[in-house]
Number of protein chains: 2
Amino acid sequence: MIAEALELDGAVPDQDACRHVLRVLGRIGDKWTVLVIARLGDGPLRYGELQRAVTGISQRMLTLTVRALERDGLVSRTVHPSIPPRVEYALTDLGRTLLDPVLALATWAIEHRGDVEESRRRYDGAHA
Amino acid sequence: MIAEALELDGAVPDQDACRHVLRVLGRIGDKWTVLVIARLGDGPLRYGELQRAVTGISQRMLTLTVRALERDGLVSRTVHPSIPPRVEYALTDLGRTLLDPVLALATWAIEHRGDVEESRRRYDGAHA
DNA sequence: CGGTATCCCCTCAGATACTG
DNA sequence: CAGTATCTGAGGGGATACCG
């Protein structure tokens with residue numbers, strides 16, 4: 001079922017579309033992207049605010065993450081030419097459309113957390 | 001909005017639940033997991049069938065992936081003690097509940113693929 | 001304030017060879 | 001057939017220092 005969605009056709013799998021989906025999944029699954037998107041989901045933030053909001057992220061990774069999101073059109077970067085400089089990041093309309101599916105996955109993770117952890121305990125116990 | 005879902009409460013962010021969600025997202029986002037789940041979504045497969053179905057996966061990565069999925073209770077592993085050995089992998093009920101949210105994300109990726117690629121072209125052009 | 005540049009570590013994933 | 005063991009290279013990510 002997912003295989004069909006990923007490949008879009010029957011005979012020859014659409015490797016290209018499939019890899020595109022995987023790249024998006026990889027982006028979503030990386031260490032910081034979802035946290036940044038989640039924070040920006042509550043409204044625009046300046047660079048420093050964003051760094052404080054996403055606990056533990058380094059300047060380097062924050063910059064890399066927002067740059068990648070900006071390149072993909074999910075986040076906008078607005079420079080206010082003042083002293084000191086003021087740079088605001090916000091979700092674009094496209095970025096906001098990502099909120100729902102990501103939230104669905106987060107909800108799944110929370111709802112089934114107990115099941116997963118119980119399964120892990122059983123597995124680790126059995127394979128001791 | 002997602003921040004609230006990830007953290008579940010207001011005053012003190014639930015770092016624990018948040019990290020759990022991130023671990024699930026990381027698992028989903030890794031290179032092979034979704035492909036394996038997608039293939040098993042069509043029905044049980046043997047080890048070798050699975051490897052042929054997931055183009056390019058090495059024995060090592062297939063084993064690591066299915067072991068992790070088994071540990072989390074998303075995939076079942078059934079050994080038929082025959083000669084030659086026959087091991088079947090299948091989605092569990094829990095694993096099947098993951099299909100919908102993952103499909104939602106895959107659908108988003110496909111629907112908005114054009115937007116993302118256009119944005120990338122503009123970004124790369126502007127920052128040349 | 002909002003970044004870049006550099007170094008370095010350490011995990012992840014591929015290739016290869018071997019086993020019950 | 002269904003794995004395990006070992007080696008190796010690439011790159012993700014932290015720490016630090018510096019710049020407009």
Side-chain angles (χ1 to χ4, degrees), chain A residues 15 18-19 22-37 39-40 44-72 75-90 123 126-128, chain B residues 18-19 22-37 39-40 44-72 75-90 123-124 126-128:
Chain A
Q15 301 277 6
C18 186
R19 264 182 278 118
L22 266 306
R23 275 201 308 272
V24 170
L25 255 23
R27 166 73 37 87
I28 298 304
D30 96 339
K31 193 173 179 181
W32 300 112
T33 298
V34 169
L35 290 175
V36 169
I37 290 178
R39 292 307 181 162
L40 292 180
L45 287 176
R46 299 178 59 175
Y47 185 90
E49 293 171 335
L50 200 47
Q51 187 173 18
R52 279 185 292 279
V54 180
T55 317
I57 195 170
S58 64
Q59 282 197 326
R60 173 186 146 84
M61 291 320 298
L62 179 56
T63 299
L64 287 178
T65 302
V66 292
R67 286 289 192 281
L69 289 172
E70 188 196 359
R71 188 168 104 97
D72 286 356
V75 160
S76 65
R77 177 176 182 270
T78 312
V79 180
H80 299 86
S82 59
I83 297 181
R86 174 187 186 83
V87 181
E88 282 214 337
Y89 294 92
Y123 184 95
H127 297 73
Chain B
C18 185
R19 263 182 279 118
L22 267 307
R23 276 201 306 274
V24 170
L25 255 23
R27 166 73 36 88
I28 297 305
D30 98 340
K31 193 172 179 182
W32 301 111
T33 298
V34 169
L35 290 175
V36 168
I37 290 179
R39 292 306 181 164
L40 292 180
L45 288 175
R46 300 177 59 173
Y47 185 90
E49 293 171 333
L50 201 47
Q51 189 175 15
R52 278 185 293 278
V54 180
T55 318
I57 195 170
S58 64
Q59 281 196 327
R60 172 185 148 83
M61 293 319 300
L62 179 57
T63 299
L64 288 177
T65 302
V66 292
R67 285 290 192 280
L69 287 172
E70 187 195 0
R71 187 169 106 98
D72 286 355
V75 160
S76 67
R77 176 176 182 270
T78 312
V79 181
H80 298 87
S82 57
I83 297 182
R86 175 187 186 84
V87 181
E88 283 214 336
Y89 294 92
Y123 184 96
D124 293 344
H127 297 73

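What you see below is based on every heavy atom in this structure, not just the backbone, and it leaves out hydrogens, waters and symmetry mates. Below, chain A is the first sequence line, B the second, and so on; all start at residue 1.
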Q: Mind calculating the distance between CG (L45(A)) and P (dG3(C)) to the nearest angstrom?
A: 13 Å
Q | Results of side-chain contact (heavy atoms from CB on, under 4.5 Å) for P44(A) - residues two or more places apart only | A | E88(A), A90(A)
Q) What residues, two or more places apart in sequence or in another chain, satisfy side chain to side chain donor-acceptor pair (under 3.5 Å) together with R77(A)? A) Y89(A)
Q | Counterpart residues, ring pair (Phe, Tyr, Trp, His ring centres under 6.0 Å), relative to H80(B) (two or more places apart) | A | none
Q: Using the side-chain contact (heavy atoms from CB on, under 4.5 Å) rule, take T55(B) and L35(B) through it: C-alpha gap first, then chi angles, then the decisive distance, then the call.
A: CA-CA 9 Å; T55(B) 318; L35(B) 290 175; over 6 Å; no
**Q.** side chain to side chain donor-acceptor pair (under 3.5 Å) partners for R52(B), two or more places apart
**A.** none
Q | Rounded distance in Å - CZ (R67(B)) to P (dA2(D)) | A | 12 Å
Q: Between protein and nucleotides 13-19 of chain D, map the contacts as a letter string: B base, S sugar-phosphate only, - none, heavy atoms under 4.0 Å, written 5' to 3'.
A: BBB-B--
Q. Taking only residues two or more places apart in sequence or in another chain, which ones pass side chain to side chain donor-acceptor pair (under 3.5 Å) with T65(B)?
A. none
(Q) Among residues at least two apart in sequence or on other chains, which ones pass salt bridge (Lys or Arg N to Asp or Glu O under 4.0 Å) with R46(A)? (A) none
Q) CZ of R52(A) versus P of dG3(C): gap in Å, rounded? A) 13 Å
Q: Give the rounded distance in Å between these two atoms: CZ of R46(B) and C1' of dA2(D).
A: 9 Å
**Q.** Separation of dG20(C) C1' from Y47(B) OH (nearest whole Å)
**A.** 15 Å
Q.
Based on the rotation axes of five pairs at each end, what angle does the helix from dC1(C)-dG20(D) to dG20(C)-dC1(D) bend through, to 10°?
A. 50°
Q. At their closest point, which heavy atom of R39(B) faces which heavy atom of V54(B), and how far apart are they?
A. CG-CG2, 3.9 Å
Q: Return the value, rounded to whole Å, for the distance between atom CG of L62(A) and atom P of dG12(D).
A: 17 Å
Q: List for me each residue that meets side-chain contact (heavy atoms from CB on, under 4.5 Å) alongside Q51(A), sequence neighbours excluded, and say none if there are none.
A: Y47(A), I57(A), Q59(A), L62(A)
Q) Partners of V24(B) by side-chain contact (heavy atoms from CB on, under 4.5 Å), sequence neighbours excluded? A) W108(A), A109(A), H20(B), I28(B)
Q: Specify the residues of residues 76-89 of chain B, ordered by number, for which at least one heavy atom lies under 4.0 angstrom from an atom of DNA chain C.
A: P85(B)
Q | With sequence neighbours excluded, residues passing salt bridge (Lys or Arg N to Asp or Glu O under 4.0 Å) with R71(A) | A | D124(B)
